[in-house]
Amino acid sequence: MTEFKLPELGENIDQGDLVRLMIAPGATITEGQPVMELETDKAVVEVPSSVSGTVRDIRVKEGEKIKVGQVIFTVENGTGNVARAPSQASASAPPATAAQVAPPPPPAPPARASAPAAADPTEFRLPELGENIDQGDLVRLMISPGARVSEGQPVMELETDKAVVEVPSSVSGVVKEIRVKEGDKVKVGEVIFTLEGGAVAPPQRPKAAPVEHVSGQVAARLAFQAAIKAEGKTEEQALPPDQPQPIPQTFTMPVQLGKVAGTDHGEPVPAAPHVRRLARELGVDIHQVPGTGPGGRISEDDVKAYSKALLVSAVQAPRATHFAEPVLPDFAKWGKIERVAMRGVRRKTAEHLWEAWSTIPHVTQHDKADITELEQLRARFAPKAEEAGGKMTVTAIALKVCASALKVFPQFNASIDMGKEEIIYKQYINIGVAVDTDRGLLVPVIRDVDKKNIVELAAELTQLSQKARDKKLTPAEMEGGSFTITNLGGIGGTGFSPIVNHPEVAILGLSRSSIEPVWMNGKFEARRVLPVSLSYDHRLIDGADAARFLRWIAEAFEQPFLLSVQG
């Protein structure tokens with residue numbers, strides 16, 4: 001029986017709090033494989049194993065304070081120098097002769113680079129779900145231990161930031177153990193269940209997430225500074241010549257920098273211990289570093305290159321001011337409360353709208369459209385829409401009206417790239433329509449609206465809206481919009497200020513129409529009037545342009561003939 005003891009962690013560090021164990025009894029480990037996360041006074045670090053073998057007994061549990069030299073676990077058939085700290089050389093030990101001990105077998109390659117042995121259970125890991133989607137909330141499990149699954153069979157429902165999706169199995173066999181439960185937040189690459197009798201391709205490494213938060217930029221800058229210091233360069237010398245020079249700023253060290261590096265990974269990476277140590281020192285998540293060596297092995301140069309790329313990305317990113325959330329009072333002082341986790345669509349909506357509101361200087365323009373004649377036409381052509389499987393709603397008509405308006409006013413069908421100081425004019429017209437569901441607001445996108453007639457748009461809008469309410473909408477069906485329409489007329493209200501759906505530059509809001517007295521032909525007449533509201537990005541659109549755009553839309557509602565003449 002071989003013991004693994006906590007090695008020395010650094011100068012003046014003799015203990016730490018055990019944050020997470022990355023092993024379990026019966027697991028096979030190799031030398032250099034991370035086995036635990038430890039929070040010291042300075043950072044959260046991964047501790048690699050100095051032994052190989054099968055874990056038998058774990059002597060500690062998460063949350064405990066453990067000391068250097070304390071036994072963490074024991075292994076059977078173990079090899080390795082358990083008394084050696086990761087940074088110590090093995091030259092002090094007397095050399096062993098061939099007669100004393102046979103050379104140990106080479107360490108097994110990382111689990112993700114090889115298929116499991118035939119006798120071992122096969123693992124099914126959460127596959128990649130889409131661009132920029134790295135986790136989700138487990139809504140429903142569709143399997144149980146002992147059940148037989150086949151490749152392509154749906155095994156779980158997962159609520160991501162964009163939709164609820166069914167995840168199919170990529171393996172076949174009999175379910176042995178389920179590692180998650182409903183309500184858990186699961187990440188791409190995480191083991192969902194194991195099964196007997198089957199094989200699975202190794203999961204791909206999740207894509208690197210872009211630097212989006214100030215704390216990420218701080219970590220990137222610190223990593224870059226440490227890397228170039230080791231090379232004896234200045235920041236100006238290290239940055240590519242065509243990149244802007246970094247602006248001198250005062251940075252505050254983030255709390256628990258080790259957490260910035262990202263340690264929520266259970267599988268080892270193909271990198272030597274000294275390379276992983278360098279990544280931790282630079283604040284870089286080694287799981288995100290692309291390896292250029294054989295089999296994707298990561299070198300020191302790979303870590304340094306990745307840290308430089310992070311800083312360049314941070315320097316080029318638009319500088320927005322991020323304010324900390326105000327501290328909430330203790331609401332329980334005044335009565336009973338209940339805290340419910342913000343999940344899936346609601347969480348993403350909150351993040352996205354805050355980003356849009358804090359990035360875009362919003363202005364809202366209001367107007368009214370006389371739709372008396374339009375309502376008569378809508379009633380007349382409603383049966384044709386029903387035959388096509390849709391409903392001739394005001395929103396369906398608004399899709400065609402807005403598509404025509406976007407051709408006349410192309411600056412409303414654009415986006416702003418502040419980093420490059422450019423305006424991106426889109427040669428396509430894809431319009432999103434906000435749909436109210438029991439999980440929150442979803443925005444399916446109807447593509448090439450300008451190429452479809454109103455009956456076709458009515459049918460497609462009806463189908464996408466129903467898919468949104470039935471939780472069948474895919475992430476791809478909510479991407480690529482260039483303008484958005486939101487209609488609250490079915491609920492009520494006389495006007496509102498919708499928030500622009502970034503990176504778009506405008507959004508049209510429709511409220512409830514009503515009968516109003518309108519002065520016409522020298523007298524008041526009863527007319528049906530529709531309130532319309534346009535919110536826009538004032539960085540690109542001026543007030544006069546917004547007034548003209550909204551008036552054009554109002555007149556198109558009032559005189560549908562304009563759609564064929566000017567649209």
Side-chain angles (χ1 to χ4, degrees), residues 126 128-139 158-165 183-188 190 206-220 254-255 259-260 262 264 285 288 310 313-314 317-328 339-362 415-419 432-445 468 471 473-484 486 496-507 509 535 537 539:
L126 185 64
E128 292 188 4
L129 304 169
E131 186 176 3
N132 296 328
I133 301 177
D134 58 1
Q135 64 180 6
D137 297 307
L138 179 53
V139 177
L158 201 69
E159 181 176 3
T160 71
D161 295 335
K162 298 183 177 181
V164 173
V165 295
D184 282 356
K185 187 182 299 296
V186 293
K187 298 186 176 184
V188 169
E190 182 176 344
K207 296 180 180 179
V211 179
E212 296 178 349
H213 302 290
V214 172
S215 60
Q217 295 182 11
V218 172
V255 178
K259 278 295 184 183
V260 176
D264 295 333
D285 182 359
Q288 304 286 2
L310 284 179
S313 175
R319 285 177 170 80
T321 303
H322 294 257
F323 297 97
E325 289 286 339
V327 178
L328 295 176
R339 284 184 173 269
V340 179
M342 188 181 289
R343 294 174 50 188
V345 174
R346 175 52 54 195
R347 180 179 62 242
K348 186 61 178 180
T349 299
E351 294 173 354
H352 182 69
L353 292 181
W354 168 248
E355 178 188 10
W357 185 256
S358 60
T359 302
I360 298 173
H362 279 68
S415 290
I416 301 176
D417 187 341
M418 291 300 295
V433 179
V435 178
D436 181 34
T437 74
D438 58 357
R439 296 178 294 118
L441 197 65
L442 298 177
V443 186
V445 175
K471 304 179 182 180
L473 208 59
T474 66
E477 291 172 319
M478 292 185 285
E479 297 173 345
S482 56
F483 187 84
T484 299
T486 176
F496 62 105
S497 297
I499 297 178
V500 177
N501 187 18
H502 184 270
E504 299 166 14
V505 294
I507 180 173
S535 291
D537 188 336
R539 295 175 299 175

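When side chains are defined from C-beta on, Val443 does not count as touching Val435, because their heavy atoms never get closer than 4.5 Å. Using a 4.5 Å heavy-atom cutoff, the side chains of Lys471 and Glu159 are not in contact.
Of all heavy-atom pairs between His352 and His502, the closest is CE1-O, 3.0 Å. Shortest non-hydrogen contact noted between Ala434 and Leu441 is CB-CD1, 3.9 Å. When every heavy atom of Glu355 is checked against every heavy atom of Ser358, the shortest pair comes out as O-OG, 3.2 Å. Residue Leu473 comes nearest to Pro444 through the heavy atom pair CD2-CB, 3.8 Å, listed as atom of the first residue, atom of the second, then distance.
Shown here are the side chain to side chain contact (heavy atoms under 4.5 Å, CB included) partners of Glu504, two or more places apart in sequence or in another chain: Thr484, Asn501. By the side chain to side chain contact (heavy atoms under 4.5 Å, CB included) test, Leu353 is found to be paired with Thr349, Ile499, residues two or more places apart in sequence or in another chain being considered. For Asp436, the salt bridge (charged side-chain N to carboxylate O under 4.0 Å, His left out) test picks out no residue, with sequence neighbours left out. Remark: Pro503 engages Ser415 in a side chain to side chain contact (heavy atoms under 4.5 Å, CB included) (not counting sequence neighbours). In this view, Val500 and Ile360, His362, Ile507, Ser535 satisfy the side chain to side chain contact (heavy atoms under 4.5 Å, CB included) rule, not counting sequence neighbours. Listed by chain and residue number, Asp137, Asp161 satisfy the salt bridge (charged side-chain N to carboxylate O under 4.0 Å, His left out) test with Arg347 (two or more places apart in sequence, or in another chain).
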Between Met478 and Leu442, is the side-chain contact (heavy atoms from CB on, under 4.5 Å) condition met? List the steps. CA-CA 8 Å; Met478 292 185 285; Leu442 298 177; 4.2 Å; yes
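Rounded to the nearest 0.5 Å, atoms CG (Asp537) and OG1 (Thr359) are 9.5 Å apart. Here CD of Glu190 is found 7.5 Å from CG of Leu126. Values are rounded to the nearest 0.5 Å. Distance check: Lys348 NZ to Thr160 OG1 gives 9.5 Å after rounding to the nearest 0.5 Å.
Using modelled atom types, no side-chain atom of Glu479 and backbone atom of Ala476 make a donor-acceptor pair closer than 3.5 Å.
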